[in-house]
Amino acid sequence: MDVRDLHGWPATAEEAEEIQDRLRPLLDLDGPGPQAPRLIAGLDVSYEGDGGGQGGRLAAAVVVLDAATLDVVEESVVTGTAAFPYVPGLLAFRELPALVEALRRLSATPDLLVCDGYGLAHPRRFGLACHLGVLTGLPSMGIAKTPFVGAYDPPGERRGDASPVRHDGEVVGRVLRTRDGVKPVFVSVGHRVDLDTACRHALALTPRYRLPETTRRADRLSRDALADLASPA
DNA sequence: GCGACAG
DNA sequence: ATCTTGTCGC
């Protein structure tokens, strides 16, 4: 049983957008959110072949880290198929079923979910991080590698420097420099956490590299799972 | 009307 | 996301 059986699944972009509009009011944006989480989960999905259409093979990974040491506490990875074609703004409908299943197989309950992509900084204010937060009830946030919606001024060159991302007259996220002189990342809240707290977690998760350890670990795990699919050990 | 467009 | 060679820098 997966999320598609619970509420059906959109067959068209219009239906998908309706679902986002219907779930958005369920978001908790009051914050501040977890200040000292013990377990932080990273989520990522890898695709096989041309990862643009629907039905292609994929691997969804969740890696739970000890927030204090960034050591891996638990891993979960599932293979499946893309549940929707890639459409900017509708990424969640592609990856949600596999990600939710991977989360379901976890024995630990994370205090925070860190997604590879956006939360509130989304055309309809309901990116993947928001959707996962509402479905699980867990605090969630997104860290994306490239710009999507909104305008911003380039942040300063030092780690920790940041500037707001504005869209339709609202601050929907923050461009954050996680390493000195390296291209910044885009942080936005998902559910039950505020932007300041999300950025603090983003910095805590990047002691060495531009991308957070959560997504680095989940990316490697999902990639390896796909490789094993092609040529099992 | 014409581009741009998370992963 | 994935497909791919070489190249610059620590």
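Order of the sequence lines fixes the chain letters, A, B, ..., with proteins taken first and strands second; residue numbering starts at 1 for each chain.
- Under the 3.5 Å distance criterion, with hydrogens and angles disregarded, no donor-acceptor pair is assigned to the side chains of Thr178(A) and Thr206(A).
- Listed by chain and residue number, Phe93(A), Phe126(A) satisfy the ring-ring contact (aromatic ring centres under 6.0 Å, His included) test with His131(A) (two or more places apart in sequence, or in another chain).
- Closest approach of Ala198(A) and Val193(A) over heavy atoms only: N-CG2, 4.1 Å.
- Of all heavy-atom pairs spanning Thr197(A) and Pro32(A), the tightest one is OG1-O, 3.0 Å.
- For DNA chain B, the contact window with chain A, defined by any atom under 4.0 Å from a protein heavy atom, covers dC5(B) to dG7(B) in 5' to 3' order.
- Partners of Glu15(A) by side chain to side chain contact (heavy atoms under 4.5 Å, CB included), not counting sequence neighbours, listed by chain and number: Pro10(A), Ala11(A), Thr12(A).
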Protein and nucleotides 1-10 of chain C: nitrogen or oxygen contacts under 3.5 angstrom:
| from | atom 1 | to | atom 2 | distance (Å) |
| --- | --- | --- | --- | --- |
| dA1(C) | OP2 | Lys145(A) | NZ | 3.0 |
| dT2(C) | O4' | Gly49(A) | O | 3.4 |

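- The two atoms that bring His122(A) and Val149(A) nearest to each other are N-CG2, 3.6 Å, heavy atoms only.
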- Item | Verdict with reasoning, Val114(A) to Met141(A), per side chain to side chain contact (heavy atoms under 4.5 Å, CB included) | CA-CA 5 Å; Val114(A) 178; Met141(A) 56 178 277; 4.1 Å; yes

- Query: Can you list the steps and then say if Gln35(A) with Arg200(A) is a side chain to side chain donor-acceptor pair (under 3.5 Å)?
  - Reply: CA-CA 9 Å; Gln35(A) 297 304 298; Arg200(A) 291 203 348 273; 3.1 Å; yes

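- Leu58(A) comes within 4.0 angstrom of nothing in the nucleic acid, heavy atoms only.
- Each of Thr215(A), Leu211(A), Val185(A) was checked for a side chain to side chain contact (heavy atoms under 4.5 Å, CB included) with Lys145(A), and the lone residue meeting it is Leu211(A).
- Residue contacts shown for Pro123(A) are absent, as no nucleic acid heavy atom lies under 4.0 Å away.
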- Query: In dot-bracket notation, what is the pairing pattern of DNA chain C, taking Watson-Crick (N1-N3 plus N6-O4 or O6-N4) and G-U wobble (N1-O2 and O6-N3) contacts under 3.5 Å, with [ ] crossing and | for other strands?
  - Reply: ..........

Side-chain donor-acceptor pairs under 3.5 Å in residues 162-169 of chain A, sequence neighbours left out?
| from | atom 1 | to | atom 2 | distance (Å) |
| --- | --- | --- | --- | --- |
| Ser163(A) | OG | Asp153(A) | O | 2.4 |

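- Contacts between residues 150-172 of chain A and DNA chain B, defined by a heavy-atom separation below 4.0 Å, involve no residue at all.
- For DNA chain B, the neighbouring residues in residues 77-93 of chain A, judged by any heavy atom under 4.0 Å, are Tyr86(A), Pro88(A), Gly89(A), Leu90(A), Leu91(A).
- Contacts of Tyr152(A) classified as ring-ring contact (aromatic ring centres under 6.0 Å, His included), with partners at least two apart in sequence or in another chain: Phe186(A).
- Taking each heavy atom of Gly119(A) and Ala129(A) in turn, the nearest pair found is CA-CB, 3.7 Å.
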- Note on the structure: Secondary structure of DNA chain B per the Watson-Crick/G-U criterion (both distances under 3.5 Å; [ ] crossing, | other strand, . unpaired) is .......

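- Looking at Asp161(A) and Arg158(A), no side-chain N of the basic residue comes within less than 4.0 Å of a carboxylate O on the acidic one, giving no salt bridge.
- Crowding of Arg217(A) atom CZ: a count of heavy atoms from other residues, nucleotides or ligands under 6.0 Å not exceeding 12.
- Residues passing the side chain to side chain contact (heavy atoms under 4.5 Å, CB included) test with Arg179(A) are Arg159(A), Val182(A), Arg210(A), sequence neighbours excluded.
- Checking Glu95(A) against Tyr47(A) by side-chain atom types alone, a donor-acceptor pair falls below 3.5 Å.
- Residues satisfying the side chain to side chain contact (heavy atoms under 4.5 Å, CB included) criterion with Ala98(A), sequence neighbours excluded, are Leu58(A), Ala60(A), Val78(A).
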